[in-house]
Amino acid sequence: MAYRPCASTAASVSNETHLFPFISRPSLLQLRPPQRTLKFHSQKPLLSITQVSLQEHTFTTNSGDADSPDEKSSNPYVWVNPKSPRASILRKKSHDFRYATLVKVADSLDSCGSVEEDIMSVLDTLGDEIVEQDAVIVLNNMSNAEIAPLVLDYFQDRFGISGRVVLYNVTLKIYRNCKDLNGAENLFGRMLERGIKPDNVTFSTIISCARHCNLPDKAVEWFEKMPSFGCEPDDVTYSVMIDAYGRAGNVDVALSLYDRARSEKWRLDAITFSTLIRIYGTSGNFDGCLNLYEEMKAFGVRPNATVYNTLLDAMGRAKRPWQAKSIYREMVGKGVEPTWGTYAALIRAYGKARYGEDALAVYREMREKQLELTVVLYNILLSTCADVGFTDEALEIFEDMKSSGTCTPDSWTFASMITIYSCSGQVKEAEATLTEMLEAGFEPNIFVLTSLIQCYGKAGLIDDVVRTFDRLLESKITLDDRFCGCLLNVVTRAPKEELGKLTSCIEKANPNLSTVVKPLVNGVNIKGEIFKKDASELFNSISNDVKKAYCNCLIDLCVNLNQLERACELLDLGLTLEIYTDIMSRTPTQWSLNLKSLSPGTALTALHIWINDLSKAFENGEELPSLLGINTGHGKHKFSEKGLAGVFQSHLKELNAPFHEAPDKAGWFFTTKIAATTWLESRRSHDVAAA
DNA sequence: AGTTCTCTCA
């Protein structure tokens, strides 16, 4: 029969007398167990005849042990040769039973209120002959930090057991499990008062307690106290301190401890390496992660799943999904069984890098293996689907999540679903999901409203954009740069007659942005210098991660409104402020125009400037390289207007430019020096003729 | 009797 821990008070212990043959109600009342005959000795049981027979008796009656029938029916008072296998089985059984008994006592103690009598009663059931090992086992199996110190005191007061540090160390573990550093520190103080000298175990337990409490600085503080108590840190201390320093953001110290451990030839285990890899990973030193992994193998430490999981996680952070993939292959190749954490790390790595298919493959494998996904993992998958435009897949995952029975959608989930519908222009579905979200008790947040604005904007429902915007203003939600960026994006695709409605939204949302947008929309002719000054003020006021999006939108707006000069001014500013980098690059053999992540208008403007630069270089008699290339990129997002390649093909034709799409390099258009020269030549003569 | 192991974005 399985033991079910009871959660109530000590009184309930007595109701489970079938589990505690030596506990009965009278014993609780008299504070003394009546059955003195059942004694256990935790130290090597003396294999006296009575002893053995009693064990035997206990086992056959209590657990219905499947001994052979004739053994069961045999006289319990037989002598058993202490060296026989039978004796060793009995010894083990005796030990196991004693241990199980003590664990049950620990459970009962945990569920005592802090009523002294209750605690006493439970402890009394153990009898008088308690040895230190019993006390250790009881405390080691307790989890109630309020009761534990009382129990410790009782062991001392009633049985005189308290003289050794081990009892305090196991009690400290309880505080650690309860994340109660204060309690642990108090107990440490009491140890000192009682003249108990702390040892390495004491310190590593307190240190890890601090670490579990998210107080890495405290961990460091305790580590530094060690020498004053005559304790010299050992390999376990170093392992936990490497972690603590890492979490305290003190990467250098963590690594120097590693150096020290290495030079002192301490055996570092795989998990310590995984800790180190994690430290490198969180500090952004991704090559450091890989180096450490190699070093670890060179030391002959076999990587386990934890090491691989940490590495995969680091490669995810590094946005190197291909490396995650090859590490995963290596892991499987070496026969290391992937764990839940492996799949989670892969989903993160692939998801972050928009490797939609790969992320989905991992998801399917998890389903196949019946591994449960968490809300977080579902959300990552859904936002990946949103990023790459997997509408159907997202719906499937969303349904799976709802029917999983283990997790329910949260505001993040709904936000992703609304984003997905918004990107594909499914207004009705987005609105239905919004309703579902409200019904589930979530208020729309800034992310949801941003998506909705995008959704309505895409569908040309400008009045709904304005309505949503007003709703946001009424709410307590504060606008962010991303939201304003989306609003700006709506402006770039709205029909001219609707622009007024939107500019008044922008005026309320962000005055700096309004200053730049208004003259464009109203066609007011202001000086280029002033325009650039206003624009750079805007860029200085917004966060780095949206600068490119703003600049792209503004340039698109200029191009749409046929203000090419303004477009060039903005692109120029964007290059100066390093919002755009590496658009135009030159090597001795190739000059390139890199248009990846540029909006269509920005890309056209950049092409315009680049061709002008080419002409200038040609006029100045500069040597052209053997190859000239334009990279339009190939958008991973299904909704991103199929990349720029299509737009460019026709535009290049219009310009009569001799660039041709490369058959083997997606998104690239190339021309040779000879073709380029001929073309630039003809452009020049054309210009001259026009002049 | 001690350590490190599994979490989110636009």
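To find a chain, count down the sequence lines: A is the first, B the second, and so on, and within it residues start at 1.
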**Request:** Assign A:D199 to base, sugar-phosphate, or nothing according to its heavy-atom contacts below 4.0 angstrom with the strands shown.
**Result:** base
**Prompt:** With sugar-phosphate meaning primed atoms plus P, OP1 and OP2, does A:T384 contact a base, only sugar-phosphate, or nothing at under 4.0 Å between heavy atoms?
**Reply:** nothing
**Asked** Contact class for A:V236 (heavy atom, under 4.0 Å): base, sugar-phosphate, or nothing?
**Response** base
**Item:** Short side-chain N/O contact to B:dC5 OP1/OP2 from A:N309, under 4.0 Å
**Value:** no
**Prompt:** Rounded to the nearest Å, what distance is computed from the OH atom of residue A:Y350 to the C1' atom of nucleotide B:dC7?
**Reply:** 18 Å
**Prompt:** When the ring planes of A:Y258 and A:F273 are compared, do they come out parallel, tilted or perpendicular, using 30° and 60° as the limits?
**Reply:** perpendicular
**Asked** Reckon A:K352 has a side-chain N or O less than 4.0 Å from the OP1 or OP2 of B:dT8?
**Response** no
**Asked** Would you call the rings of A:Y350 and A:Y355 parallel, tilted or perpendicular if under 30° counts as parallel and over 60° as perpendicular?
**Response** parallel
**Asked** So which nucleotide from B:dT6, B:dT8, B:dA1 ends up closest to the side chain of A:V136?
**Response** B:dA1
**Prompt:** Any donor-acceptor pair under 3.5 Å joining the side chain of A:S274 to the base of B:dT4?
**Reply:** no
**Request:** Please state how far atom CG in A:D243 lies from atom C1' in B:dT4, giving the value in whole angstrom units.
**Result:** 5 Å
**Request:** Indicate whether the side chain of A:D410 and that of A:T413 have a donor and an acceptor atom separated by less than 3.5 Å.
**Result:** yes
**Prompt:** Could you give the CZ-to-C1' distance, from A:R348 to B:dC9, as a whole number of Å?
**Reply:** 13 Å
**Request:** Report the distance from atom OH of A:Y308 to atom P of B:dT6, rounded to the nearest whole Å.
**Result:** 15 Å
**Item:** Members of residues 203-216 of chain A that approach DNA chain B, where some heavy atom sits under 4.0 Å away
**Value:** A:S204, A:T205, A:S208, A:R211, A:H212
**Request:** Just compare B:dT8, B:dA1, B:dC5 and give me whichever is closest to any side-chain atom of A:K173.
**Result:** B:dA1
**Message:** Whether the side chain of A:W340 and the base of B:dT6 hold a donor-acceptor pair under 3.5 Å is what I'd like checked.
**Reply:** no
**Message:** Please determine whether salt bridge (Lys or Arg N to Asp or Glu O under 4.0 Å) holds for the pair A:R364 and A:E368, giving the CA-CA distance in whole Å, both sets of side-chain angles, and the decisive distance to 0.1 Å.
**Reply:** CA-CA 6 Å; A:R364 299 211 168 98; A:E368 237 167 68; over 6 Å; no
**Minimum-distance pair of heavy atoms, taken over all atoms of A:D556 and A:S599** = OD1-OG, 2.8 Å
**Item:** Length of the CG-C1' vector between A:L371 and B:dT6, whole Å
**Value:** 12 Å
**Message:** The side chain of A:V376 is closest to which nucleotide in this list: B:dA1, B:dT6, B:dC7?
**Reply:** B:dC7
**Request:** Find the distance A:F188:CZ to B:dA1:P and express it as a whole number of Å.
**Result:** 21 Å
**Prompt:** Base, sugar-phosphate, or nothing for A:N200, non-hydrogen atoms under 4.0 angstrom?
**Reply:** base
**Asked** Base, sugar-phosphate, or nothing: which does A:D269 touch, judged by heavy atoms less than 4.0 Å apart?
**Response** base
**Message:** I want to know whether A:F229 and A:F203 have ring centres closer than 6.0 Å.
**Reply:** yes
**Prompt:** Cut-off 3.5 Å, side chains only: do A:R190 and A:Y168 have a donor facing an acceptor?
**Reply:** no
**Request:** Quickly work out the A:L449 CG to B:dC9 P distance and round it to whole Å.
**Result:** 22 Å
